[in-house]
Amino acid sequence: RRANWSPVLRPKSTAPKNFTDYESMKEAYRPRVPARFNFAKDVLDVWEAKEKAGARSSLPALWWVDEQRTEIRWSFEELGFHSRRLANVLSEECRLAQGDRVFLILPRVPEWWLVNIACLRAGTVLIPGTSQLTPRDILHRLQVSEAKCVITDESTAHLLDAVGSQCPALTSKLLLSTRGRQGWGDLTALMGSASADHVCVDTSSDDHMTIFFTSGTTGSPKMTLHSHCSFGLGELIVCFSLIFNTQTTCFRYWLDLTDSSVFWNTSDTGWAKTAWSSVFASWTQGACVFAHHMPRFNTSTVLQTLSRYPISTFCTAPTAYRMLVQEDPSRFQFPALEHCLCAGEPINPEVMSQWRRLTDLDIYEGYGQTETVLIAGTFKGMEVRPGSFGKVSPAYDVQVVDDEGRVLPRGTEGNLAIRVKPHRPFCLFLEYMVPPEKTAECFRGDFYLTGDRGVMDKDGYLWFIGRADDVILSAGYRIGPFEVENALIEHEAVAESAVVSSPDPIRGEVVKAFVVLTPEYKSMNQYELIRELQAHVKRVTAPYKYPRKIEFVDQLPKTVSGKIRRVELRKKEWDHQM
Ligand code: ATP
Ligand code: MG
């Protein structure tokens, strides 16, 4: 099968078709970045034209449902129609110029996608935020970004009103609501009266497109600036390689979408992952983006939705898979589901094998950051090696390097890094706008350091050790929390766990595990259970890694996006015992 596209990327040379290895294919097809690029014009409008010409499947481009089973299905033509009207609202009613910033806080409602596209068309820089931001977060984001416009709904409007007077740059506010609000423009009414004629602005590939905030797993979220080509073309590279995958055995596109796929990605609208999966990656391939307006992640809603709708491709966080396997998905039939993925955190091999047993499907892991597109992944057709997130994505040259940026031999633990010299990948963030000093800190030698530690094995598979700050140094050993957590979750008493360092007078630091028990084990004698879990870890992994300290907790501290905040547990541990 062929990716149905596209005028934008062309091979650099007429390279031979008989590649013997993936590296030579990648070099031969290293894309040239066009000087001008705009995802709305160069991708969405192409699909709209294909749709009109009958050259695309009959699936909607956006298929939205809510808990009352209300549905909205928009074709590319309808997305184009509504988003052009909204682009006119931004330029005319809100008087925004190209480069002006728009702060968007909306849950998973169809208008969220329209604002994304309208900003591309109008050339305004989008700053998405989650609905769970506090007034302090909102004030901080508005002030540092100097956003001129905010778009939100009633759940957040009062918070914006409370801080708006301290944001002199803010000149317009749009509200998605059936009731009006003083000082706010009515988004739906303004769109209704706006013209649907709009000429997409002409953006250069490196014009600013979006400002994302990182998840804040290790500290305050960083304000990360991306260009138009970064996410928009970064996805294309991955897809472009698909065209040639018949010549190579080691690579197929991670999400593996076509215009016949229905793709449900569950991440919150505030995160880069949603833009990446539910806007750029999906629509690059002309796939149908499925969205469920689920105010809270609810396992039975997820399982019912997978069984009720023709969802072919599903991506959620490892935390969510841990919850889903506890619900026994084998009670359901998933007639269309053929490809399951996860990203954002490491997934425990035990959870992968449970999911496989219960659904007959593998989980394909992806590894990326707010700062990047997909860095590595297990691609369809590749052997799944549980515990490894797969091989390097074609977007980057990824190496394991030491702290000075020197490449380490295969099999050695080091920093996961992306080569930025002599070619800086265009699908990498431009800078941290806040805090700016962090930008320089993450470049070392010829590399951008991801802040994560890992190992590349002889076959090119990457194995995650942990975030650099999370690695435990005990009596001369370096211990990655992920491996210990994987060992713990193999025990049926463990629903999930977080492993951190804890101070120790002799060893400096020791391994401590915070464990959430499965319901059947909650009432068991805790002293015995600790002994049993310690013996279990010694049995399934190198004994020096076993947790000398174990504490049972009801839940683990997590970010809004569901990532475990080991930093919080570690800080408490050290503050408490110093
Ligand atoms: P912050 O940078 O604010 O502390 P964050 O790093 O969690 O937060 P994101 O950009 O959302 O913010 O997440 C990227 C990070 O998530 C990666 O650097 C890595 O640590 C982790 N991650 C993503 N995917 C995986 C994966 N498949 N396996 C292991 N870790 C992953
Ligand atoms: Mg990070």
Side-chain angles (χ1 to χ4, degrees), residues 128-130 137 141 210-226 230-231 254 265 267-277 315-322 340-349 351-352 363-379 384-393 396 398 415-418 428-429 432-435 438-439 441-442 448-455 461-471 480-483 485-486 498 557-568 570-571:
T130 153
D137 296 332
R141 287 175 192 210
T210 305
I211 298 167
F212 292 112
F213 284 79
T214 60
S215 299
T217 312
T218 53
S220 295
K222 296 176 282 280
M223 190 170 165
T224 311
L225 183 64
H226 278 274
S230 169
F231 273 29
W254 182 58
N265 160 62
S267 57
D268 182 280
T269 48
W271 309 115
K273 174 71 170 66
T274 303
W276 196 76
S277 290
C315 184
T316 196
T319 299
Y321 279 113
R322 282 197 290 271
C340 297
L341 306 117
C342 76
E345 271 204 308
I347 183 148
N348 313 105
V351 175
M352 292 174 89
I363 297 175
Y364 288 78
E365 190 171 352
Y367 163 65
Q369 299 188 306
T370 307
E371 294 86 340
T372 67
V373 293
L374 187 79
I375 301 174
T378 303
F379 303 97
V384 179
R385 296 194 182 169
S388 156
F389 41 56
K391 292 189 179 184
V392 173
S393 114
Y396 302 115
V398 178
N415 301 296
L416 296 176
I418 293 173
L428 187 67
F429 75 120
Y432 293 123
M433 299 177 74
V434 178
K438 288 264 180 205
T439 310
E441 281 172 23
C442 57
Y448 157 72
L449 304 190
T450 59
D452 295 317
R453 309 271 305 173
V455 180
Y461 277 78
L462 284 161
W463 300 79
F464 182 68
I465 303 283
R467 289 170 187 267
D469 300 345
D470 287 343
V471 173
F482 180 47
E483 210 181 336
E485 290 162 13
N486 286 343
K558 290 187 180 163
T559 61
V560 177
S561 53
K563 298 187 187 205
I564 299 173
R565 293 201 74 231
R566 291 179 193 79
V567 62
E568 205 172 297
R570 185 169 57 240
K571 187 166 180 313

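Counting convention: from 1, in listed order, for ligands and their atoms alike. Values reported hereafter were calculated over all heavy atoms of this structure, with side chains retained and with hydrogens, waters and symmetry mates removed.
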*Could you please spell out the steps behind the side chain to side chain donor-acceptor pair (under 3.5 Å) verdict for Tyr367 and Glu345?*
CA-CA 8 Å; Tyr367 163 65; Glu345 271 204 308; over 6 Å; no
*Any residue meeting salt bridge (Lys or Arg N to Asp or Glu O under 4.0 Å) with Arg467, in chain and number order, not counting sequence neighbours*: none
*Close aromatic pair by centroid cut-off 6.0 Å: Phe212 and Phe231*: yes
Under 3.5 Å, N/O to N/O: give me all the pairs between ligand 1 and the protein, one per line with atom names and distance.
from	atom 1	to	atom 2	distance (Å)
ligand 1	2 (O)	Lys222	NZ	2.9
ligand 1	3 (O)	Thr214	OG1	2.6
ligand 1	3 (O)	Gly216	N	2.7
ligand 1	4 (O)	Thr217	N	3.1
ligand 1	4 (O)	Thr218	N	2.7
ligand 1	4 (O)	Thr218	OG1	2.4
ligand 1	6 (O)	Arg467	NH1	2.9
ligand 1	7 (O)	Thr217	OG1	2.4
ligand 1	7 (O)	Arg467	NH2	2.7
ligand 1	7 (O)	Lys563	NZ	3.0
ligand 1	8 (O)	Gly216	N	3.2
ligand 1	8 (O)	Thr217	N	3.2
ligand 1	8 (O)	Thr217	OG1	3.4
ligand 1	10 (O)	Thr370	N	2.8
ligand 1	10 (O)	Thr370	OG1	2.5
ligand 1	11 (O)	Ser215	OG	2.6
ligand 1	11 (O)	Thr370	OG1	3.4
ligand 1	11 (O)	Lys563	NZ	3.2
ligand 1	12 (O)	Ser215	N	3.2
ligand 1	12 (O)	Ser215	OG	3.4
ligand 1	13 (O)	Lys563	NZ	2.6
ligand 1	16 (O)	Gly344	O	3.2
ligand 1	16 (O)	Arg467	NH2	3.3
ligand 1	16 (O)	Lys563	NZ	3.0
ligand 1	18 (O)	Gln369	NE2	2.8
ligand 1	18 (O)	Asp452	OD2	2.6
ligand 1	20 (O)	Asp452	OD1	2.7
ligand 1	20 (O)	Asp452	OD2	3.3
ligand 1	20 (O)	Arg467	NH2	3.4
ligand 1	22 (N)	Gly344	O	3.2
ligand 1	24 (N)	Gly344	N	3.1
ligand 1	27 (N)	Glu365	OE2	2.9
ligand 1	27 (N)	Gly366	O	2.8
ligand 1	28 (N)	Pro346	N	3.3
ligand 1	28 (N)	Glu365	OE2	3.4

*Are the aromatic ring centres of Tyr448 and Phe429 under 6.0 angstrom apart?*
yes
*So Ser561 and Thr559, side chain to side chain donor-acceptor pair (under 3.5 Å) or not? Walk me through it.*
CA-CA 5 Å; Ser561 53; Thr559 61; 3.1 Å; yes
*asked:* Quick one: does any side-chain atom of Trp254 pair with a main-chain N or O of Glu365 as donor and acceptor, under 3.5 Å?
replied: yes
